[in-house]
**Student:** 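Input: one structure, supplied below.
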Amino acid sequence: MIGYLVRRLAQAVLLLFGAVTIVFLVLRVIPGDPAALILGSQATAQELAAKRDEMGLSDPLLAQYARHLGEIVRLDFGDSWRLGGDAFAAVLDRLPATITLAGFALLFTLALGFPLGVYAARHKGKLADRAVSYFSLTGQALPAFWVGIMLVLIFSRTLNILPATADGSALALVLPAFTLALPFLGWLARLVRNGTLEELGRDYVRTARSKGLSERVVFNIHVLRNTLTPVITVLGLILGNFIADAVIIEQVFAWPGIGSLMIESIQNRDYAVAEAAIILIAVFYIGLNLVVDLLYFALDPRVTLETV
Amino acid sequence: MSALLEVSGLQVAFGELRAVRGVSLTVGKGQTLAVVGESGSGKSITSLAVMGLLPAQARVVEGEISLDGVNLLDLAPEELRRLRGEELAMIFQDPLSALNPSLTVGYQIAEVFRRRRGASRAVATGRAVEAMAEVGIPDAAERAKAYPHEFSGGMRQRVMIAMALALEPRLLIADEPTTALDVTVQAQILRLLRERQRAGLAMIIISHDLGVVARTAQSVVVMYAGQAVESGTVAEVYGTPAHPYTLGLMAASPSARTGRRGIRPIDGNPPDLTALPSGCAFHPRCPFARERCRTETPALRPLPSGRTSACHFAEEVLAHDRAAGA
Amino acid sequence: MSERSAVRRRLGVGPAVAATVLGLFVLIAVLGPLLLPYDSVATRVGDRLLPPFSTASDGSFALFGTDQNGRDVLRQVIAGSRVSLLVGITVVVVGGLVGLVLGLVAGYYGGWLDAVISRIGDMQLAFPSILLAILLAGALGPSLTNVIVALAVTRWVIFARVVRGSALTTRGREFVESAKVMGASDLRILVHYILPSCVQPLMVASTVQVGLTMVAEAALSFLGLGVPLDQASWGSTIANGRDYLASAWWIAAVPGIALTLVVICIGLLGDRAGDGSAPAKEVAAR
């Protein structure tokens, strides 16, 4: 049991290490001279060379990599040339906004996706079921950033009932959170639908009926309980994707989270901040996957760590 | 002796396919009826029809199922639901899949008292523990908090029995109750069921194991390809089968009385319900088959001493029994 | 029975419609810019922000209106369709080929080769592919080639996984074993026995990925990290239209509708081919 935990944790650390390496490779191997960027176009060749030495850019790649790893372990991503000050601190500063957004999106997904899936299962093969199925397919195919803009067009510019950008009010959360939720809402609905139908066909449902329980009790207590387990575990995956997708959606709604910070940083070649942001997102993504795996054990009484 | 349950001319169809093709059976009050036959013979479907728990694709096309003179097929679903648990109960072959994996067994038994009798959670839990203790589950108060997968097969079947009998129904349908269990546990479960029998519980016990039947039931119905082919008291049917299929089952059964002849499986395979043979469905596998069996479907007909057989040559089969027994 | 076949018949229209829409899209992407060329630098102040169904000052008909520089939106969308198609196809071909080769090698040979390839894939999937694409595209700078490179780098893993899975199952089959016994070379076995088994799943994955890639390209261009501004892309037109939502909604709406339509049609066909199962994989592959 401890063995599994350790193995799973080691795996997560290895993945994170891989993510750090890939980001390092992208940022260091790619054309563009960070020294020139910082000093600007007025700098002389001597000044550039001195800056390069100072930044360690003339060292062999492997040495740079080793040093970089050490820095990242200490959460030292360097300073932001654009914002001034520590890059990691700048990212942490924006983290709460992203977490709030992803949290609300998760709420939307659950509150709408779950009932929709149950409804589709109860009306299997009927119009409602096919509608949910098409909605699921469409929701996943839609370009979310465009949907966000269209929601702004409808609810902010035309109907004028919801703010288009973060204005500090709670209402400002509605459009970005819904945009983020939309692709997963349909996906969850379909997952719940299929899970529910599968559970409905199981023997224990027949047993529950043989006890003379009402259909309502059979469904709400016996079936839903078993449908819920895979749903809860998948919520972690969805949350991880929200934090990733927020990178684009935040840009649409000028939401002050790590996503928009990352894009601004990349657009301005402020790679220290961009790297800190992307690594933090990777940490969340990998961490949530880990939590999902562990949750699975906690929720399903049949699965014990010994059986893995 | 008046009948508790009387099924007559029952036909059940899955779409175009007839899984049960005219079955009649009677269970007297406090009596135990065994239904035997190979898998696919329609015995489980018959019992599910009695419970009103047929799968959604299946429907009763003909026949009558009367409990105490009331035709269950005329009842509204809600009325039938109230009879389940209260009058009719059922236990299944595989208690692991028949129990909800994510609810404790205590909850699953207690909910019968809560939902059907309006008992409070505490009272219901207490009654569930009593019910578990009654079927011989040691340390019931503690075990009630455990999940189905944490029980052994035999203990799980005891849980099922406790649950089915919680509301003291008059008829218990046991569908292969011991098939998934090893021999010693089988004996314990059967002993438990026989105790309940003595307390006045009527049962339908479905099994392909003739030994189980012999030790539990008073009368027996043999099913083949969705039809009853022979019925009578256990002693008669076992002692002198009046249908070649029953004869074959006896020869194929290790634990039946006739085991001394050695185990000899019935030739051929159970029939494909979508393409039944003409005439008697058993004729391709029957050592007694003649031309008449290919063309004329035999009706279930009474023989002397109140038993029935659906064989054109039942008398010949009986004569064969006597010759072999001598 | 009849109810089910009725449902099937109703569903049966979907793929036909989808295929027609996609055929039209390809035709427009290939021929459209020749018939209705788009000039990104031409500005006609007099024709600014004309609504759909207007007539421009030179007498031309602006079906989908004009943007803030008086450029025709329809022409922009047609030019954008070319970029979209080009990126979608090229990325899937390049990523698909790389994935095919690495997946075959990993699945057939197994051992350390498989371990290395699979671990690199795992690491790459450790963070969402769109992030890696944004980072790469941002670092490489805006150009059509760079967009293709950035997206192909993020997509190969998905193809490699699909191919590896098929190769792994086929490798253990009896006919492969007997071919080995007969002394067939690895290359021969790979090409004649393993490869054919991977084609179908690879085609299903490719169909889905063309759609996802087109959305990803639009997203990159929307963020200003995709194709340069002098080339029209649906994403950059949408980004441009965002600033004029209140006065000229059509600039952002029309390219988005085009993109949505194409992607849904691809999804419909892919769903058909892949039976739409395994939604968990869809999320993992995003």
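Quantities reported herein were computed from a predicted structural model and do not represent experimental measurements. What's counted below: heavy atoms across the whole structure, side chains too, no hydrogens, waters or symmetry copies. Proteins come first, then strands; the chains are lettered A, B, ... in the order of their sequence lines, and each starts at number 1.
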**Student:** Do A:Tyr134 and C:Ile264 make a side-chain contact, defined as non-hydrogen atoms from C-beta onward lying under 4.5 Å apart?
**Tutor:**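 No, too far: nothing below the 4.5 Å cut-off.
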**Student:** Where along residues 251-259 of chain C does a heavy atom come under 4.5 Å of chain A, listed by residue number?
**Tutor:** C:Ala252, C:Ala253, C:Gly256, C:Ile257, C:Leu259
**Student:** Of all the heavy-atom pairs spanning A:Tyr271 and C:Ala139, show the shortest one and how long it is.
**Tutor:** OH-CA, 3.3 Å
**Student:** Would you check if the side chain of C:Gln124 reaches a backbone N or O of A:Ala19 as a donor-acceptor pair within less than 3.5 Å?
**Tutor:** no
**Student:** What are the two closest heavy atoms between A:Gln267 and C:Leu223, and how far apart are they?
**Tutor:** NE2-O, 2.6 Å
**Student:** Could you name each residue pair satisfying salt bridge (Lys or Arg N to Asp or Glu O under 4.0 Å) that touches residues 122-134 of chain C, not counting sequence neighbours?
**Tutor:** C:Arg119-C:Asp122, C:Asp122-C:Arg161
**Student:** Hey, does C:Leu135 have a side-chain heavy atom less than 4.5 Å from the side chain of A:Glu275?
**Tutor:** no
**Student:** Measure the spacing between CG of C:Leu131 and CD1 of A:Ile22 and express it to the nearest 0.5 Å.
**Tutor:** 12.0 Å
**Student:** Could you check whether any side-chain heavy atom of A:Val26 comes within less than 4.5 Å of a side-chain heavy atom of C:Leu132, counting everything from C-beta outward?
**Tutor:**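 A:Val26 reaches C:Leu132 side chain to side chain.
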**Student:** For the CE atom of A:Met150 and the CH2 atom of C:Trp249, what is their distance to the nearest 0.5 Å?
**Tutor:**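 Reported value, rounded in 0.5 Å steps: 9.0 Å.
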**Student:** Please find the pair of heavy atoms, one from C:Ile130 and one from A:Ile248, that lie closest to each other, and give the distance.
**Tutor:** CG1-CD1, 3.8 Å
**Student:** Can you name the salt bridge (charged side-chain N to carboxylate O under 4.0 Å, His left out) partners of A:Glu198, sequence neighbours left out?
**Tutor:**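 A:Glu198 satisfies salt bridge (charged side-chain N to carboxylate O under 4.0 Å, His left out) with A:Arg202 once adjacent residues are dropped.
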**Student:** Considering all heavy atoms of both residues, which atom of A:Phe145 and which atom of C:Val215 are nearest to each other, and what is their separation?
**Tutor:** CE2-O, 4.3 Å
**Student:** Sequence neighbours excluded, which residues qualify as salt bridge (charged side-chain N to carboxylate O under 4.0 Å, His left out) partners of C:Asp243?
**Tutor:** none
**Student:** What's the shortest heavy-atom distance between A:Pro143 and C:Thr260, and which atoms?
**Tutor:**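 Of all heavy-atom pairs spanning A:Pro143 and C:Thr260, the closest is CD-OG1, 3.5 Å.
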**Student:** When you measure from the side chain of C:Arg242 to the backbone N and O of A:Ile149, does any donor-acceptor pair fall under 3.5 Å?
**Tutor:**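 Checked: no pair found.
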**Student:** To the closest 0.5 Å, what do you measure between CD1 (C:Ile134) and CD1 (A:Ile278)?
**Tutor:** 8.0 Å
